[in-house]
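Let me begin by presenting the structure, written as C-alpha cells, before commenting on it.
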Protein chains: 2
Amino acid sequence: MKKHKDYDCNLGCMVENTLEIIRGKWKGIVLTLLFDKCYRFNELQRQMPGVTQRILTKQLRELEQAGLVVREVLSLKPFAVCYSLTDLGRTLKPVMHCLKQWSLDHGHEVYALETVQD
Amino acid sequence: MKKHKDYDCNLGCMVENTLEIIRGKWKGIVLTLLFDKCYRFNELQRQMPGVTQRILTKQLRELEQAGLVVREVLSLKPFAVCYSLTDLGRTLKPVMHCLKQWSLDHGHEVYALETVQD
DNA sequence: CTGTATCCCGGAGGATACTG
DNA sequence: CAGTATCCTCCGGGATACAG
C-alpha cells in the first residue's frame with residue numbers, strides 16, 4: 001500500500017485525502033450502489049458495464065483496505081460473497097450526494113465547454 | 001480533449017462526472033487556493049511543493065478548458081499572468097468543503113487502516 | 001461464482017533544458 | 001516570469017486465460 005501523502009500540506013490536502021479514497025475509476029459507482037443494499041460480486045459487475053473481474057476485484061480490495069467496504073463470504077458450496085458498506089463507508093453518503101448534486105446543477109455547463117464530437 | 005464518459009450510466013455517473021473534473025493530482029489544491037484569491041503562476045507553484053511548471057501548467061489548462069479557471073495576462077513587459085476562478089469554478093466551493101469536512105471527520109479512521117510504515 | 005496470474009498499453013505525472 | 005519542448009517512468013486500467 002502506498003503512502004497517503006508524500007508531503008505535508010495544510011491547504012488543499014484535506015480535500016486530496018478524501019479524493020484519493022474515491023479516485024479509482026469505478027469506486028464512485030461501487031459506493032453509490034452499495035449505499036442502497038449489499039451486492040454479490042457478479043451483481044456489481046452487471047451493474048457496471050465495461051469493468052472486468054480483475055479491475056472490479058481490485059477496486060473492491062482497495063475500498064476494503066480503506067475500511068469502507070466489507071467482504072463477506074456467504075457460502076462455499078456455491079461460492080458466494082457479499083459486499084456491503086462499513087459504518088465508515090456509509091459516512092461518505094453526504095459526500096457522494098454533494099458530488100452528484102453538483103453534476104446535476106452544473107455538469108452541463110462543463111460539457112458545454114468540453115464539446116467533443118468524435 | 002477526451003470524451004467524458006464512454007458509456008451511459010444512470011447510477012454513479014453523476015458522481016463520476018464531478019470527480020473527473022477534479023481528478024488531476026493538483027487540481028484540488030489549485031481550486032482550494034483560488035477560492036481565496038487570484039494567484040500568479042509562481043505564487044501557485046510556491047504554495048504547492050513538488051509540482052513542476054509543466055504539470056502545473058497542464059492542470060491549469062485543463063481547469064481552464066473545463067471552464068473553472070480563468071487565465072488573465074496582466075502585463076507583457078514584466079510578463080505576469082493571474083489565475084482566478086470563474087463563476088462556475090466558484091460553485092465548487094461547497095463540494096470542496098464537503099470533501100474537506102469528511103477528511104476532518106473521518107480521515108483518521110482511514111489512515112488507521114492503511115497503516116503504512118515505510 | 002469469484003476470483004488470481006500474466007501480459008499489455010496509454011496516459012498522467014515528472015525531470016530537465018530551453019524560450020519570449 | 002511563465003511558460004513550451006523532449007524524454008522518460010510508473011501505474012491504473014484492461015484483455016485473456018486459468019483456478020478453487
Side-chain angles (χ1 to χ4, degrees), chain A residues 1-7 9 16 19-30 34 38-66 69-84 116 118, chain B residues 1-7 9 12 16 19-30 33-34 38-66 69-84 116 118:
Chain A
M1 204 73 190
K2 64 169 192 290
K3 196 88 172 295
H4 208 169
K5 259 317 188 188
D6 41 355
Y7 71 96
C9 168
E16 290 303 314
L19 279 179
E20 269 191 33
I21 290 170
I22 50 183
R23 181 157 292 173
K25 181 167 178 182
W26 306 92
K27 290 182 185 171
I29 302 183
V30 169
L34 293 183
C38 68
Y39 275 84
R40 301 272 298 277
F41 184 84
N42 58 358
E43 282 179 324
L44 277 176
Q45 194 176 8
R46 250 176 291 138
Q47 297 293 327
M48 297 154 56
V51 75
T52 64
Q53 291 152 340
R54 200 184 85 87
I55 297 304
L56 180 52
T57 304
K58 204 157 154 265
Q59 304 278 308
L60 287 167
R61 291 290 175 279
E62 288 172 13
L63 290 171
E64 218 184 330
Q65 296 258 334
V69 162
V70 196
R71 175 177 180 272
E72 189 185 1
V73 178
L74 296 179
S75 71
L76 289 171
K77 265 284 299 296
F79 198 11
V81 299
C82 165
Y83 288 95
S84 56
V116 193
D118 61 341
Chain B
M1 207 73 189
K2 64 171 192 290
K3 194 91 171 293
H4 209 172
K5 261 314 187 191
D6 40 356
Y7 72 97
C9 167
E16 290 304 314
L19 279 179
E20 269 191 32
I21 290 171
I22 49 183
R23 180 157 292 172
K25 181 168 179 182
W26 306 93
K27 290 182 186 172
I29 303 181
V30 170
L33 286 167
L34 293 182
C38 68
Y39 275 84
R40 301 274 296 278
F41 184 83
N42 58 358
E43 281 179 324
L44 277 178
Q45 193 176 8
R46 249 176 291 140
Q47 298 294 326
M48 296 153 58
V51 74
T52 64
Q53 289 151 340
R54 200 184 85 87
I55 298 303
L56 179 53
T57 305
K58 206 160 153 261
Q59 304 278 308
L60 286 167
R61 291 290 176 278
E62 288 172 13
L63 290 171
E64 218 183 330
Q65 296 257 335
V69 163
V70 195
R71 174 178 181 271
E72 189 184 0
V73 178
L74 296 178
S75 71
L76 289 170
K77 265 284 298 299
F79 197 10
V81 298
C82 164
Y83 288 96
S84 55
V116 193
D118 63 340

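Atom P of nucleotide D/dA15 and atom CD of A/Q45 are separated by 11 Å, given to the nearest angstrom. Spacing between atom CD of A/E16 and atom C1' of C/dG13 amounts to 14 Å, rounded to whole angstrom units. One can place CH2 of A/W26 at 10 Å from C1' of D/dG14, the figure rounded to the nearest angstrom. Atom-to-atom, CG of A/L56 to P of D/dG13 comes out at 12 Å; the value is rounded to the nearest Å. Rounded to whole Å, atom P of D/dC11 lies 18 Å from atom CZ of B/R23. If you measure from atom NZ of B/K77 to atom P of D/dC1, you get 16 Å, rounded to the nearest angstrom. Nucleotide D/dG14 holds its C1' atom 14 Å from the CE atom of A/M48, rounded to whole Å. In this structure, B/I22 places its CD1 atom 17 Å from P of C/dA12, rounding to the nearest Å.
When each of D/dG13, C/dG13, D/dA15 is scored by its nearest atom to the side-chain atoms of A/Q59, the top-ranked nucleotide is D/dG13. In the set D/dG14, C/dG13, C/dT2, the nucleotide with an atom closest to the side chain of A/F41 is C/dT2. Closest contact between the side chain of B/N42 and the listed nucleotides C/dG3, D/dC1, C/dG14 involves D/dC1. Side-chain proximity of B/I55 to the nucleotides C/dT2, C/dG13, D/dG14 is greatest for C/dG13.
Overall bending of the helix from C/dC1-D/dG20 to C/dG20-D/dC1, expressed as the angle between end axes built from five pairs apiece, is 50° (10° steps).
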I would like to know whether A/R61 and A/E64 meet salt bridge (Lys or Arg N to Asp or Glu O under 4.0 Å); could you show each step before the answer? CA-CA 5 Å; A/R61 291 290 175 279; A/E64 218 184 330; 3.7 Å; yes
Between the protein and nucleotides 4-6 of chain D, which nitrogen or oxygen pairs are less than 3.5 angstrom apart?
none

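Scanning both residues, A/L56 and A/M48, for their nearest heavy atoms gives CD1-CE, 3.7 Å. The two atoms that bring A/F79 and A/R71 nearest to each other are CZ-NH2, 4.1 Å, heavy atoms only. When all heavy atoms are compared, the tightest approach of B/R23 to A/G24 is NH2-O, 4.1 Å. Nearest heavy-atom pair, B/L34 versus B/Y39, reported as atom, atom and distance to 0.1 Å: CD2-CD1, 3.7 Å. Shown here for A/L63 and A/V30, the closest heavy-atom pair between the two residues is CD1-CG1, 3.7 Å.
A donor-acceptor pair under 3.5 Å is formed between the side chain of B/E16 and the backbone N or O of A/G28.
Side-chain contact check for A/I29 versus A/L44: every heavy-atom pair is 4.5 Å or farther apart. Residues A/V51 and A/Q59 are not in side-chain contact: their nearest non-hydrogen atoms beyond the backbone lie 4.5 Å or more apart.
Of the two residues near DNA chain D, A/K58 and A/F79, the one whose nearest nucleotide lies more 5' is A/K58.
For B/Y83, a side-chain nitrogen or oxygen approaches OP1 or OP2 of D/dG3 to under 4.0 Å. For C/dG14, one of the phosphate oxygens OP1 or OP2 lies less than 4.0 angstrom from a side-chain nitrogen or oxygen of B/K25.
B/W26 contributes atom CH2, which lies 10.0 Å from atom CD of B/Q45 (distance to the nearest 0.5 angstrom).
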